[in-house]
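Source: prediction; values computed, not measured. Here is how names work: the chains are called A, B, and so on, in the same order as the sequence lines, proteins then strands, and each is numbered from 1. Hydrogens, waters and symmetry mates play no part in the numbers below; they use all other heavy atoms, side chains included.
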Amino acid sequence: MNAPDPTKIKLDLDLTHDRPLVSCKFDPTGKFVFAGTESDAVVRWDLATKTKTVMVGHETWVFALAFTPDGKVALTGGCDGRLVLWPTSDEKPAPIRTIDAHTGWVNAIAVSRDGQLAATVGNDRIARLWSLADGSLVQELPGHDKPVYQISFDLTGRYLVTADLQGRVIQWDLASRKEARRFDAGKLYAYNGGQQVDYGGVRDLSFSADGTLLACSGLIEASNPLGAVSNAALVIFDWATGTEKILLRAKEDLKGVGWGVRFHPSGFVTMLNGGNGGGILLFFQPAGPNEFHKFVLPNTGRALDLHPDSMSYAVAHHDGHLRTYRMPVKATA
Amino acid sequence: MRCEYACNSAEHTLSRRRFLGGMAAAGTVGMAGGFSRFLQPAAAAAMNGKQKHLLVVWLAGGASQLETWDPKPKTITGGPFRSIETSVPGVRISELMPKTARQMHRMALVRGVNTHEDDHGKGQVLMHTGRPEAPGNPQPHLGSLAARFMTDESNPLPGYIHITPGGGGSGTSEAAFLGPKYNAMFVGNGQPPANTARSGWFDEPGDVARHTMRRQLNDRFATRRRTADTEAYTSTYDQAQQLMARRDVFDVTKEPAEVLARYGTHDFGRHCMLARRLIEAGSTYVQVSHSNYDTHNENFSFHLEQVGEFDQSFAALLDDLAQRGLLEHTLVVVMSEFGRTPTINQLYGRDHWSKAWSVAMAGCGITAGNVVGKTNEKGTEVVDREVGAGHLFHTMLSAVGLDPKAGYEVDGRSIQIADPAAAPIKELLI
Amino acid sequence: MRILVVVVLAAGMLAAPSAHGGNLLRDAIDQAIEAGQAGKLGPPATDGEFLRRVTLDLTGLIPTSAEARAFLDDPSPYKRERLIDSLVDRPEYARRMQVVFDVMWLERRPNAQVPADAWRGYLRKQFAANRPLDQVVREILSADGSDPKTRPAAAFALERAGDPHVMTRDVARIFLGRDITCSQCHDHILYDDYKQSHYYGLFAFFNRTYLADNGGPDGKAALGEHAEGDVTYKSVFKKKVTSTTGPHVIDATDVKEAPITKGEEYWAYPVGKGRAVPRQSRRALLPALLTSEQTPEFRRTLANRLWAMMMGRGLVHPVDLDHSDNPASHPELLVLLGDSLATSGYDLKAFLRELAKTRAYSRSSEPPPGLSPGDLAPEKFTVAIMKPLTPEQMGWAVMGATGVVSNYKLAVEHDLYEVNPKLRDLIKSDPRRTQLGIELAEEELHRRLDPSINGFVQHFARPPGQAQDAQTSTVNQALFLTNGDPLQTWLSNGGTYLNGRLVALADPSSVAEELYLSTLTRRPTPEERDEVTRYLADRGKDRPRAMRELAWALLTSTEFRFNH
């Protein structure tokens, strides 16, 4: 594989929609990018033709997007509590199955490596496992006291990781379906006594390619949650020991939230800063502590994904644009 | 403006007792003259044993009308939450309030509120006084008016109790020229009002003895030097003793655990339960503040948390008041300094929006199940029966039997109790 | 009769209050107050009442029992005058004036820009030196906060964030006796005298001013000012008419402004929210004009406010509603007071001394029998008006009565002199140094006890940014005094605190005397002595407890709460 050069990243595709976007994901084949919007519609773009397809199967917004490993089925989770399965590449996809998965929002979905299970988390504070074969509920995993924001399977496929508003990260053993470990990303959470509000939490999760590191993105220094005064940050855990390795943050106070994080197979880690400070991609080495490169985006970003070819990122923007940013191959000496 | 007694004589101390007993004897000097007009109905109501109460739930920071009383699902401004049916067919509210939805038949909604004021401080003053803030010319807040004109002086509980998170608050300015006696007493955090427990330095007989001695001294002094000010001073000690005797009213731990569970085991739940205890014990005006709705950032997540708390506690409170027969004598109002922008900003936030928002009311004097006013499809403008803070203020006063047009004089200025430019919302009143 | 009064007043006008011989201001005052009131005037206050009153008014404290005894037992017919003269030379006088003017000028705003200590220290220095008040006012209205030397004086404007409307309103209220707030939007509806043009004439001095985010020492905020910006206004009643005005005070004509040369408008040009300094400052035009002879409202208002402080009510009342529909109770007297104050070179000490030496000031607050309510109308000043203690007075009186002040004073003096005998010897070597030592001790005492005063301020004061002249009783205050920690503890301390001193006295009559002298500055009547004796007998053997209860009753009595 040719190593990309993130310091030379630049805008590649600019895909537009008439509503602000809230989420995005590439399908595993790399043919499409999907996005949730500030409406009941999910949008699919064909990256090659830029053809836009609007898919309506929810009553309201969709924050959660996932795919089966073979890419054949797209899963969407809405603020209506529904989990909807779609044929990813149909010309006009219609829901294959609709499951009432949560009370309130579905915040994130993950699919197991064998493609058998879907896992969902929501504001009802519960993680649930579903059989993709028949849509039945396999297991409920209660253990969070606050809305659960993110979910991911580990690289071995033996574990599931869920993370919530308080920064509580729970590792579930899939064999026993019991809690195996907890990680504390409480640094990403704050209770503001003056405003009487909880704020922060793990907004996104990513494992390193070798499975040794787990990155949690979110925010720190939330001095004014209601006024969006905080700084984006990453807490990096050592997966083997379950201990925090380092906190990564921008050199300057960029003011924002770490809405997305992706480890790159070549080792560096990318965080999307969105918020008052605008949309910014920050590139870190895991040893940190600060970015080695900063790339300012044309608009604030709300979600981040890495293309299966590892050469470009998708960012869901508030201005209704889905933009992809491509890294050139590193020039060899 | 200052609290100005008409003259140095104790005869002119304003009190309901005197108005009832002998208005004519006291003469009609200064402030006293204009008061009589609206004191009569309230006083008469009190005599009939129909003490009226006001309970204001204050959603501090400006709650979003779109995530509460006036949802616009499936529109560009609607946000991710859906609307649900309520106990009033055809009236839908945000899905964040399932329990309150089942109380809707006891409530009325005002959906056409336009207050033209997007500043927190000014909005707060506006909603509590029914008129725009005039620097240097403060007007009494609703609670102070209630304390002054709806509260019998023999009532041991303060006329204006404000329950806030943490029990904080200055309690020094709400009454304006009515005088500090009618300022709010702040409680919260499960604590009774400050200094209401007998000092450990005095045993009970000693406490009785010291007060007896104090009264003897004062009575002697008053034989020759008695003024409205000295009277007011000595009466505060009687109030203090009465309040100390009723201290247990503030103790929510006296309630069974299942009741607390119904209200919610958070501060706001406890505070709503305290509000019910206080109303039950005869308090005239109780305000409960719920903090904080000023969601410029992540409006939806914050409203999920805040409105979730509100829904449980408020529904329990309303149900309790109704079950206990208190609701027909108690006007319940849910309001903020303003609403929030229909437009969702880039931070998933909503900003200040006074142009089109909602206030909810229930109970005394209010037509239940009613919805007055309407906003357009996107909630950006009022399209039917627009009302301002003045109208709401007139309505609240009317609902509890105070004449909003009654006037009084302060420092030679004649003031109408509610903004003369506004009028009650007739459709809301029984 | 009326003519005669005017003639007498006119003569009095010529006499500076401090002048010896001739017509003294105090005589003119008494003639004015007593005219037509023969047979309807209250008797003089007792020595105890007078001592307590004037000590509170001029030092903010109540006398100790020892001071009370000494004064009551002093047979001299001149003791009251001597007392007044000595009080105004104590450091506590400067402290009291500091509190009076701090509260009058800043109205308890949080000290956000200038630390409270700096501002108050500045004020105290002016009053200790008895600096002419007009000079002090010019200084506080001129200072812009950029010069470290005058920064404390800039608190008046800085704590108002330099807001032109707030400055307009407060300068009018505080210095011109006119609450013209309503005139911001229209001519006053009820008071013909208050015009919208008054508001905007004053506003025009401030309209170019703003709080810059730099320019002060260490990069702190200071006042900036633009070189241009004219004032136009419309009445809400006559929206079609737009008026333009230059800066002027009330009905005077616009101040002549020097022409501005294009391109040379500034010494420091505006950059963002930074401090701009114009070559021609409008704001700088006001202080001299305001305090000049051309603005009689200034001296009249200042005199009226000082009169109200001493007498419990302004000749114009309320003090910020001076207009023809609310005339002064004694119009000629008010003119005389203002003019005398100005003629004396705004000598505050002399003015207050003179007020304190009037018969009007020294009357009993107890009405003589047989007078009608009309005779006793407060604006006639036929008896002394009872004044509720200010929050600070209340705190210091409670701490004085319970022995907190005297005990702390001993501790301060010990720490200053016993720990360092060299310092003691040095201070005793020279009267000037002795005076400095007294001032040093007073400052240290305040440093230690001011935090306790804050509790009283919190319960008794009106909200920040509002006029502080009215005091009203609340249940919170009663609860604070009934169960609040500080008072109950102070009442329970033994040793040389009040409780300890009372317990040490075996004879109930002596207990009564010490108790009454310590709290009410008078000896008890025989009836009161009996009452104390009975109380102690009834309350059994636990004497500290009984003393605590008795002392509490006296401290919470009406007689204690009011300066009567």
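- The local environment of CD in B:Glu377 is sparse, with at most 12 non-hydrogen atoms from other residues, nucleotides or ligands closer than 6.0 Å.
- Proximity of A:Leu226 to B:Asn297: side-chain heavy atoms (C-beta onward) are nowhere separated by under 4.5 Å.
- Under the 30°/60° scheme for interplanar angles, the aromatic rings of A:Trp61 and B:Phe300 are found to stand perpendicular.
- Between B:Phe302 and A:Tyr199, the two ring planes are tilted [angle within 30° to 60°].
- With rounding to the nearest 0.5 angstrom, the CZ atom of B:Arg82 is 11.0 Å from the NE2 atom of A:His58.
- The residue among A:Asn299, A:Val22, A:Val257 with the most heavy atom pairs within less than 4.5 Å of chain B is A:Val22.
- Ranked by heavy-atom pairs under 4.5 Å with chain B, the list A:Ala228, A:Gly78, A:Pro20 is led by A:Ala228.
- Among all heavy-atom pairs drawn from B:Gln346 and A:Thr300, the shortest one is OE1-CG2, 2.9 Å.
- Counting heavy-atom pairs closer than 4.5 Å to chain B, the top residue among A:Asp198, A:Val197, A:Asp319 is A:Asp198.
- A distance of 8.5 Å separates CG of B:Leu347 from NE2 of A:His318, quoted to the nearest 0.5 Å.
- Ranked by heavy-atom pairs shorter than 4.5 Å toward chain A, the options B:Thr75, B:Asp294, B:Thr295, B:Leu96 are led by B:Asp294.
- A:Pro147 approaches B:Leu304 most closely through the heavy-atom pair CG-CD2, 4.4 Å.
- When the candidates A:Val229, A:Asn123, A:Asp40, A:Asp80 are compared by the number of heavy-atom contacts under 4.5 Å with chain B, A:Asp80 comes out ahead.
- The parts of A:Asn276 that come within reach of chain B are both its backbone and its side chain, each placing non-hydrogen atoms under 4.5 angstrom from that chain.
- The local environment of NZ in A:Lys255 is crowded, with over 12 non-hydrogen atoms from other residues, nucleotides or ligands closer than 6.0 Å.
- Here the closest heavy-atom approach between residue A:Gly194 and residue B:Ser291 is recorded as O-OG, 4.3 Å.
- By number of non-hydrogen pairs under 4.5 angstrom with chain B, the leading residue of A:Gln196, A:Lys146, A:Arg302 is A:Arg302.
- To the nearest 0.5 Å, the span separating CG on A:Asp18 from CD1 on B:Ile76 amounts to 7.0 Å.
- At most 12 non-hydrogen atoms from other residues, nucleotides or ligands lie less than 6.0 angstrom from NZ of B:Lys122.
- Note: B:Glu95 CD to A:Glu59 CD = 8.5 Å, rounded to the nearest 0.5 Å.
- Ranked by non-hydrogen atom pairs under 4.5 Å with chain A, the options B:Ala60, B:Gly79, B:Gly78 are led by B:Gly79.
- When heavy atoms are compared at a cutoff of 4.5 Å, B:Asn299 does not approach chain A at all.
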